[in-house]
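Heavy atoms only: backbone and side chains are in, while hydrogens, waters and symmetry mates are out. All of these numbers come straight from a predicted model, not from anything done at the bench.
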Amino acid sequence: MKGQSVFQNESVKKAISLGVLCAVSYLAVYIARNVLGAVSAQMEGAFGAAFIGNLGSVYYMFYAIGQLLNGVLGDRIKARNMISLGLLLAGIINAFFVFATEISRPMALVAYGVTGFFLAMIYAPMTKVVSENTEPHHAVRCSLGYTFSSFLGSPIAGVLAAAFAWQTTFFVSSGALIVMAVVCFTVFLMFERRGYVKYGQFEKTVQTEKGGTVKVLLKRSIIKFTLVAALTGVVRTTVVAFFTMYFSGALGYSPEDSSLVYTVATFIISAAAFVAIFMYERMGRRMNLSLFVMFALSTLCLLLTFFVRVPLLNVAFLTLAVMFCNCSSTILWSVYCPSLYDTGRVSSATGFLDFISYMAAAAASSVFGKAVDIGVSWWTLVLVWTALMALGILVALPYDRFGKKKAA
């Protein structure tokens with residue numbers, strides 16, 4: 001009876017309905033986003049590590065710019081239209097990318113970048129519609145759902161890469177995007193008619209403060225979380241994109257085995273969303289303390305990755321390192337961003353932070369790709385990744401008063 005009464009609660013039903021729709025939609029986005037990383041070992045022989053790194057770099061740059069622009073538009077355009085259009089166009093261009101690689105590499109670079117721009121139409125308006133149409137504690141759980149989907153997209157992409165040629169893997173991910181575009185448009189329309197989703201209903205009460213949104217965001221540690229976005233963007237995005245090449249080049253796995261190891265590793269990493277919230281709750285909902293511990297654990301695991309070079313153990317430590325880094329990013333996307341609901345600028349703020357995250361990833365992708373091609377040791381790159389996570393420890397300090405009260 002108790003469980004029955006919970007699900008009869010209208011706010012709970014609304015949160016579950018929105019959360020499931022957003023999680024499934026975002027899963028399609030992240031399958032497509034992670035295909036390149038999953039098939040990079042297959043593509044390396046034909047295209048080279050530098051070109052694959054440049055693909056990632058251009059994609060992240062377009063994605064970052066898209067997050068910035070689409071984040072602002074997401075505060076003005078209905079989520080139904082933004083999300084469904086982004087999914088549809090991304091699906092079409094993602095499929096065209098395969099044909100573009102046969103025509104010219106510059107065309108392929110542009111096509112892959114444009115795919116990133118259209119995929120950037122999803123996250124910010126999604127976070128806005130969830131945070132403004134559910135209770136604050138439900139919004140955290142909903143965003144946790146699609147954060148989990150973002151992590152789960154990697155192992156699914158790995159399964160596809162192990163089963164198909166890289167071209168087919170891209171086509172399958174494109175099909176998933178197009179299907180979800182239709183589903184999103186239809187279901188959001190149903191939610192609007194049922195009253196689950198309303199637009200323009202939030203009164204921006206904090207705008208009455210002198211200085212407006214910018215002043216409020218500065219008070220709420222936007223600078224700290226901008227640095228968190230940059231640091232985690234490099235490791236959670238760029239490092240994972242180089243996983244299969246690392247497994248092959250540093251540990252001696254075959255391209256086929258690298259795809260399988262990638263699948264297992266990223267499946268474990270997908271648990272980060274739940275591990276992060278578990279740790280966050282146990283630490284009294286203190287964001288700075290949670291970030292400090294997560295960055296410290298990631299740093300420790302990367303040091304073990306450098307020193308322990310037995311392939312299986314090495315993969316285990318690298319996997320845990322990225323998982324703890326993703327725990328830090330979960331606090332950013334699933335706790336901090338939804339907590340900004342009363343600014344009326346959730347989409348803009350989220351888009352800005354995503355912009356920073358992927359610009360950092362774009363720069364790192366190009367650098368790492370060129371480094372591999374000119375013969376820089378993978379172990380040197382591991383030390384670079386370790387230094388980034390160690391910097392995250394410093395960013396998490398000092399423990400201030402913002403955290404438990406604002407992020408609950």
Side-chain angles (χ1 to χ4, degrees), residues 30-64 93-117 119 153-154 157-158 160-162 164-174 233-263 265-266 318 322 358-378 380-382 384-385:
Y30 264 77
I31 292 173
R33 267 209 47 208
N34 286 288
V35 163
L36 182 64
V39 302
S40 59
Q42 293 183 40
M43 296 178 66
E44 186 179 6
F47 297 98
F51 178 70
I52 295 171
N54 288 338
L55 277 174
S57 182
V58 169
Y59 173 90
Y60 300 141
M61 288 176 66
F62 273 76
Y63 190 83
I93 303 300
N94 194 55
F96 174 73
F97 162 75
V98 177
F99 300 107
T101 59
E102 299 294 327
I103 301 171
S104 76
R105 292 193 177 188
M107 181 183 293
L109 284 168
V110 173
Y112 199 62
V114 172
T115 298
F117 182 87
L119 286 177
S154 294
L160 294 175
F164 303 114
W166 69 266
Q167 298 93 331
T168 305
T169 305
F170 272 98
F171 288 140
V172 172
S173 65
S174 297
V234 173
V235 175
R236 77 183 177 94
T237 303
T238 308
V239 172
V240 171
F242 280 86
F243 260 16
T244 55
M245 281 193 284
Y246 171 82
F247 297 149
S248 176
L251 303 180
Y253 288 101
S254 68
E256 294 75 18
D257 288 342
S258 293
S259 293
L260 291 173
V261 175
Y262 174 94
T263 301
T266 52
L318 180 59
V322 176
Y358 284 97
M359 285 302 289
S365 182
S366 181
V367 170
F368 294 165
K370 290 175 182 176
V372 171
D373 264 5
I374 65 174
V376 173
S377 167
W378 281 107
T380 302
L381 292 179
V382 171
V384 172
W385 304 339

Ignoring hydrogens and angles, write down the donor-acceptor pairs under 3.5 Å from the side chains of residues 95-103, residues two or more places apart or on other chains.
| unit_1 | atom_1 | unit_2 | atom_2 | d |
| --- | --- | --- | --- | --- |
| T101 | OG1 | V98 | O | 2.5 |

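- The heavy-atom pair separating G158 from Y262 by the smallest distance is CA-CD2, 3.8 Å.
- A ring-centre distance under 6.0 Å is found for Y63 and Y59.
- When all heavy atoms of A162 and L260 are compared, the pair lying nearest together is CB-CD2, 3.8 Å.
- In this pair, W378 and Y246 present their aromatic rings perpendicular. The plane angle is above 60°, beyond the 30 to 60° band.
- Between W385 and F368, some side-chain heavy-atom pair lies under the 4.5 Å cut-off.
- Across T169 and L160, no two heavy atoms sit closer than the pair OG1-O, 3.4 Å.
- In this structure, the side chains of L55 and F47 stay at 4.5 Å or more apart for every pair of heavy atoms.
- L109 contributes atom CG, which lies 9.5 Å from atom CZ of F62 (distance to the nearest 0.5 angstrom).
- Nearest approach of Q42 to F164, heavy atoms of both residues: NE2-O, 3.7 Å.
- Of the inter-residue distances, the one linking L119 atom CG with Y30 atom OH reads 9.5 Å to the nearest 0.5 angstrom.
- Side chains of D257 and F247 form no contact here, defined as non-hydrogen atoms less than 4.5 Å apart.
- For the residue pair N94 / S173, a side-chain donor-acceptor distance below 3.5 Å is found, with atom types taken as modelled.
- Side-chain N or O atoms of T238 include none that pairs as donor or acceptor with a backbone N or O of V235 at under 3.5 Å.
- Across every non-hydrogen atom of I52 and L36, the tightest pair is O-CD2, 4.1 Å.
- Contact between S40 and M245 at its shortest, heavy atoms only, is OG-CG, 4.1 Å.
- Within a 6.0 Å sphere centred on CE of M43, heavy atoms belonging to other residues, nucleotides or ligands number more than 12.
- For S258 and S248, the side-chain atoms include no donor-acceptor pair closer than 3.5 Å.
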Item to complete: Start with the C-alpha gap between F242 and L381, add the side-chain angles, then the distance that decides, and say whether side chain to side chain contact (heavy atoms under 4.5 Å, CB included) holds.
Response: CA-CA 11 Å; F242 280 86; L381 292 179; over 6 Å; no

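- The CE atom of M61 lies 13.5 Å from the CZ atom of F117; values are rounded to the nearest 0.5 Å.
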Item to complete: Start with the C-alpha gap between L318 and V382, add the side-chain angles, then the distance that decides, and say whether side chain to side chain contact (heavy atoms under 4.5 Å, CB included) holds.
Response: CA-CA 9 Å; L318 180 59; V382 171; 5.8 Å; no

